[in-house]
Amino acid sequence: MTWLLTVAAQGWPGTPPDIMPRSGRAQPFGPQAGLQLVEADHAARVPFGSKPPLQESDRNFRLSLRWRASGYDVVDTDGKPAGRIAVRPLPGTAKLFVAQTLWDGDAAFSYRLVARQSDGSFVYYHDNEECDAVQAAELDRILTIARDRAACRPSSWRQVEALLLAFARTGPQPFGVAIPLPPP
């Protein structure tokens, strides 16, 4: 009953706003592919943008990707829809990209810094650490609204790009690697 009253007051929950421009989105894995996400060995320090040593982890898993319109539909190993991924290059860089994800059940998109490797894989960095890593004065210039800073939630595409470029300049350590696989 409470849920019905909330929906009546706020309206039916809709798809969160997609602020990534549709033009310029990349299709780095082709029209369909598999993708294995492998956690980095967090004890090993590597230069920013380098591929880290990998570890066996319960956080390692495989996904299937199928390009549709302006991003990839993601399907888990059980064949169930899991979400959407879109990839777009960061301006002024040759190998840095933004991976935008929306996992089923999430209320908002998340944006993750990724660095493309020569083998076609992507080193990815933990999302939502960028606001802790970027100096406070620079973060204040990028995310001008206090609640956005507190939630580490950009409200425009320009803010996403500025925040992830500032995060890259801090030289973060990788969280893992997304390795493309043949289509399942």
Side-chain angles (χ1 to χ4, degrees), residues 15-16 18-130 133 154 157 160-161 163-165 167-168 170-184:
T15 303
D18 180 356
I19 62 175
M20 179 187 271
R22 295 208 183 274
S23 66
R25 292 184 185 196
Q27 194 184 73
F29 307 112
Q32 72 180 61
L35 192 65
Q36 183 176 12
L37 303 177
V38 183
E39 192 170 347
D41 177 353
H42 301 295
R45 306 284 297 168
V46 296
F48 175 70
S50 299
K51 196 170 187 177
L54 304 175
Q55 68 178 357
E56 286 298 317
S57 170
D58 60 355
R59 293 184 187 179
N60 297 346
F61 55 96
R62 291 178 183 237
L63 303 168
S64 295
L65 305 177
R66 185 174 308 260
W67 184 263
R68 186 177 55 90
S70 57
Y72 288 101
D73 285 335
V74 180
V75 177
D76 68 17
T77 54
D78 296 331
K80 296 177 183 169
R84 296 268 300 159
I85 295 176
V87 180
R88 192 168 194 273
L90 279 168
T93 69
K95 96 181 218 181
L96 296 181
F97 291 75
V98 177
Q100 172 189 264
T101 57
L102 179 65
W103 300 109
D104 282 357
D106 283 357
F109 284 94
S110 68
Y111 303 96
R112 185 184 297 265
L113 176 65
V114 296
R116 189 165 197 175
Q117 305 297 295
S118 59
D119 65 1
S121 65
F122 283 86
V123 173
Y124 58 92
Y125 299 86
H126 203 289
D127 58 340
N128 290 328
E129 282 188 1
E130 52 272 9
W157 187 249
V160 170
E161 290 179 329
L163 181 58
L164 293 182
L165 286 169
F167 182 45
T170 70
Q173 288 297 297
F175 187 78
V177 179
I179 303 167
L181 304 169

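Remark: Asp73 CG to Arg66 CZ distance equals 8.5 Å, nearest 0.5 Å. Here NZ of Lys51 is found 6.5 Å from CD of Gln117. Values are rounded to the nearest 0.5 Å. Distance check, rounded to the nearest 0.5 Å: CG of Leu181 to CG of Leu35 gives 7.0 Å.
Considering only heavy atoms from C-beta on, Trp103 comes within 4.5 Å of Ile85 through its side chain. The shortest distance between side-chain heavy atoms of Leu96 and Phe48 falls below 4.5 Å. By the 4.5 Å heavy-atom criterion applied to side chains, Thr93 and Leu165 are counted as neighbours. Using a 4.5 Å heavy-atom threshold, the side chains of Asp119 and Pro180 count as separate. Annotation: side chain of Ser50 is not in contact with side chain of Arg45 (no heavy-atom distance under 4.5 Å). Within the 4.5 Å cutoff, side-chain heavy atoms of Tyr124 are placed close to those of Leu37. Contact annotation: the side chain of Leu54 approaches that of Ile179 to within less than 4.5 Å [non-hydrogen atoms, C-beta and beyond].
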Can you check side chain to side chain contact (heavy atoms under 4.5 Å, CB included) on Thr101 and Asp106, steps first, answer last?
CA-CA 10 Å; Thr101 57; Asp106 283 357; over 6 Å; no
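Ring-plane geometry between Tyr72 and Trp67 is classed as perpendicular, the angle between the planes exceeding 60 degrees on a 0 to 90 degree scale with a lower cut at 30. The aromatic rings of His42 and Phe175 sit tilted, their planes meeting at an angle between 30° and 60°.
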